[in-house]
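Reviewing the structure listed below.
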Amino acid sequence: MLAKVAFCTKGLLAALILAFALPYSATASTTLIPTGSVWRYTDNNSNLGASWSTSTFDDSGWSTGVAELGFGDGDEATVINGGPSGNRYVTAYFRKTFTVNNATGILSAQARILRDDGAVVYVNGTEAFRTNMPTGTITSATLASTAINVPEEASYYTYSVSPSLLLEGTNIIAVELHQGSLTSSDSSFNLELTTTGHVTRGPYLQNGTSGSVVLRWRTDVSTDTRVKVGTVQGLLNLITEDISNTFDHEIKVTGLLPDTKYYYSVGSRSVDLEGNDSEHYFVTSPAPGADKAFRMWVLGDSGTATAAARNVRDAYYGYAGNRHTDLWLMLGDNAYNSGLDSEYQAAVFDMYPSLLQRSTLWPTLGNHDDMNPTVYFNIFTLPQSGEAGGLASGTESYYSFDFGRVHFICLDSEGTADRTTTGPMLTWLQNDLNSTMQDWIICFFHHPPYTKGSHNSDSVSDSGGRMVDMRQYALPILEAGGVDLVLTGHSHSYERSYFLDGHYGFSASYSTATMVINGGNGRIGGNGAYSKASYSATNAGAVYAVAGSSGQISGGSLNHPAMCVSLNTLGSMVIDIDGNQLDARFLSSTGTTPDYFTIVKDSATTPTVVNSVRSDNSPTSSSMVVGFDVTFNHQVTAVDISDFVLATSGGISGASITGINGSGRSYHITVNTGTGDGTIRLDVVDDDSIQDAVGSYLGGPGTGNGSFTSGQTYTISNPTPVNLSHLAID
């Protein structure tokens, strides 16, 4: 450069150039070398030859200094020797080591360089680019192409660096800085090296089934999408692609085998960004009904992104050790305070990266998530068409899925406005319960039906009455459908009930005598495990757990009478199911187990008829068609009109069964009452045609032992005709 520029002018111009020259970008990048880094340098006018830019060159005798390095402007962090004013040293040399992780996953690299006057940049001994330098061979005596002035000398110039030059692990970058004139008054050097093409979120697993899984991740640049899958690490021969470019990648891999471990990689069609190693794998779900022991982890209100949440996480990781987590649940308030995308990044993706990439996460919506519900539904891919088992709900707000012998039901206690029995959600719930043939039923949602923690389930104003609604409307359907375990959050505490059935009012209405199937603590070695008939017998008892202390604790009276255990303790739940036994533990953030319980299903249960009840008024005289609702103790098949017979009395004549609909446990039968007065009852005839999923006959083998003749009756009273008028006709 020919003229000296004052520091304040140069700094101001640099700031203005950067402010206006760099466009806004939504992409992120990884900085391998930031500006202001420490560099090794030599400024003694040496001729270093060709090997000085390689990793084997010994630069231990060089000086070190913080960039910006140079002389003459007064803004240098490190002043170097430029040589005599009338005969400047033409070239100064700089070297720096840096580390690259996942070098094969880098899509692009960029260097931003401040150079006064020209420079040649080498990466691992190979020239990456030159700037303001002539073509051909460069020596220590080669002058820059031009001597630059303001604003060029204050500008950062961006150049692409081939990703192929970057090595996994330690790398070396070497820069030779050349003067444009032997009478130059100053010199400047600084450099930043960044890369793009990185996974900034995930990968994470969604909507896992016995034959498919959804893989999702986010990248810092928009690319096309490719997943490679295989049962052998390094041999990923099943490829699924999407040619459209996106930052948020979502792709469904199909054609998988049940209960099988698959390794995978994610990336673009040109490069794998992550995976194909021992840490990136998933295990497909067992086939529905398959008897496989498995473990799940349950977190409630975990989205604080604080040390408390990390302690809960680390306690579980320590407890689980090398055992695979088959699936995990989040019970709402997954990201505080407002369910923003940035809050999900901190509370979920930065908190549980290793578990997300190996185990399918199934969430429910909490009140904090519902502050920005679009974010929640954009992040998660949840079954709405019955693709993971269960009945199609048509919405990701509530859904069901199967895992082996377990049927999971997620309800939306927060965002669904209509929580009444006739609303879409609970209508779907009734039908979903009727359709499932699974042995275990676990339901989860955010607002607890019973709590005296940081929320009060007795208050109709607390949480907009949602806790009251779920207790009053959802619980009768769940218990009639055979639910075994209900998991909720919202209260920042841990509370766990006795083995209950029928408690749908306020806590003052709680009755140990009529609402507790088993009043013990459910512990093997304590009062004994809770025992229940197999195949989700109706109204046979369930445990209700509030596990909302995975991110914070908030106290409360903790004295709900339905609760066996109430704790103001940080922690999570670990649930293991093996055959006919469910073991649940509350694991504190310090690794202790202050509560645990067990539910054991009977090894076999014969299908029986629970009841046959009227669905219309009795007595009746206004309709020739009435209905009966018949309920079995668990799911059965092959039920048709021939399995029913009418028992009549009095003057009833011509009564007949006209139709049947239903499935699973519940069936509705329509009857034509015929003529005459009297009573009509619907009986079930056991001819060994009705059976359950494992082939057990109604009442057991043999006809007649499962017949049912003690249902409700209709009283039919046809009114006597009345002569309303008498007209004389001549």
Side-chain angles (χ1 to χ4, degrees), residues 386 390-392 422 427-438 477 480-482 535-539 605-718:
L391 196 67
T422 58
T427 298
W428 167 83
L429 172 64
Q430 177 73 72
N431 294 331
D432 182 72
L433 286 166
N434 287 341
S435 67
T436 185
M437 301 292 288
Q438 300 294 77
I477 298 173
Y535 300 105
S536 305
T538 61
N539 297 99
T605 300
T606 301
T608 60
V609 179
V610 175
N611 54 39
S612 172
V613 299
R614 300 181 299 264
S615 56
D616 300 298
N617 294 327
S618 178
T620 180
S621 60
S622 60
S623 176
M624 292 184 63
V625 178
V626 295
F628 288 90
D629 290 317
V630 176
T631 304
F632 296 84
N633 66 331
H634 63 262
Q635 293 84 358
V636 293
T637 60
V639 180
D640 56 35
I641 288 178
S642 66
D643 296 308
F644 301 94
V645 65
L646 295 176
T648 62
S649 68
I652 298 293
S653 175
S656 62
I657 300 172
T658 59
I660 180 172
N661 61 69
S663 62
R665 285 184 297 271
S666 301
Y667 295 84
H668 181 75
I669 295 88
T670 54
V671 172
N672 187 305
T673 62
T675 60
D677 298 339
T679 64
I680 296 178
R681 186 184 72 231
L682 181 71
D683 294 342
V684 180
V685 177
D686 175 20
D687 58 3
D688 269 5
S689 63
I690 298 175
Q691 55 185 309
D692 60 24
V694 296
S696 297
Y697 292 110
L698 182 67
T703 60
N705 49 17
S707 297
F708 185 82
T709 60
S710 56
Q712 292 181 343
T713 61
Y714 280 100
T715 298
I716 309 299
S717 178
N718 291 317

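Just so you know, these numbers come straight off a predicted model, no measurement behind them.
- Of the possible polar contacts, none joining the Thr538 side chain to the Ala480 backbone as a donor-acceptor pair under 3.5 Å is found.
- Summarising the geometry, atom CG belonging to Asp688 is positioned 6.0 Å from atom OG1 belonging to Thr703; distances are rounded to the nearest 0.5 Å.
- Closest heavy-atom contact between Phe644 and Val684: CE2-CG2, 3.7 Å.
- The two atoms that bring Ile680 and Phe628 nearest to each other are O-CZ, 3.7 Å, heavy atoms only.
- Atoms CD and CG, on Gln712 and Asp629 in that order, are 9.5 Å from each other to the nearest 0.5 Å.
- Without hydrogens or angle criteria, Asp643 side chain to Asp640 main chain gives a donor-acceptor distance under 3.5 Å.
- Shown here is Tyr697, whose OH atom has no more than 12 heavy atoms of other residues, nucleotides or ligands within 6.0 Å.
- Ser707 places a side-chain N or O within donor-acceptor distance of the main-chain N or O of Asp686, the cut-off being under 3.5 Å.
- Here the options are Val645, Thr670, Ile669, the test is side chain to side chain contact (heavy atoms under 4.5 Å, CB included), and the partner is Ile657; only Ile669 passes.
- Judged by distance alone, with hydrogens and angles left aside, the side-chain atoms of Arg681 form no donor-acceptor pair with the main-chain N or O of Ser710 at under 3.5 Å.
- Atoms CG and CD1, on Asn431 and Ile477 in that order, are 9.5 Å from each other to the nearest 0.5 Å.
- Residue Thr608 comes nearest to Leu698 through the heavy atom pair CA-CD1, 3.8 Å, listed as atom of the first residue, atom of the second, then distance.
- Checked by atom type and distance alone, the side chain of Asp677 never pairs as donor or acceptor with a backbone atom of Gly651 at under 3.5 Å.
- At least one donor-acceptor pair under 3.5 Å links the side chain of Tyr714 to the backbone N or O of Asp616.
- A donor-acceptor contact under 3.5 angstrom links the side chains of Ser649 and Thr679, judged on distance only.
- Nearest heavy atom pair, residue Ser689 against residue Ala638, reads O-CB, 3.4 Å.
- The 12-atom threshold is not exceeded at CG of Asn617, counting heavy atoms of other residues, nucleotides or ligands nearer than 6.0 Å.
- Judged purely by atom type and a 3.5 angstrom limit, Thr637 uses its side chain to pair as donor or acceptor with the backbone of Gln691.
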Give the C-alpha distance, both sets of side-chain angles, the deciding distance and a yes or no for side chain to side chain contact (heavy atoms under 4.5 Å, CB included) between Thr620 and Ile716. CA-CA 5 Å; Thr620 180; Ile716 309 299; 3.5 Å; yes
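- Ile660 and Tyr667 get closest at one heavy-atom pair: CD1-CD2, 4.4 Å.
- Looking at Ser615, its side chain does come within 3.5 Å of a backbone N or O of Gly627 through a donor-acceptor pair.
- Between the side chains of Thr658 and Asn672, no donor-acceptor pair of N or O atoms lies under 3.5 Å.
- Formation of a donor-acceptor pair under 3.5 Å by the Thr436 side chain with backbone atoms of Leu433 is not found in this model.
- Taken to the nearest 0.5 Å, the OG atom of Ser696 stands 13.5 Å off from the CD1 atom of Ile690.
- Among all heavy-atom pairs drawn from Ala647 and Asp683, the shortest one is CB-OD2, 3.7 Å.
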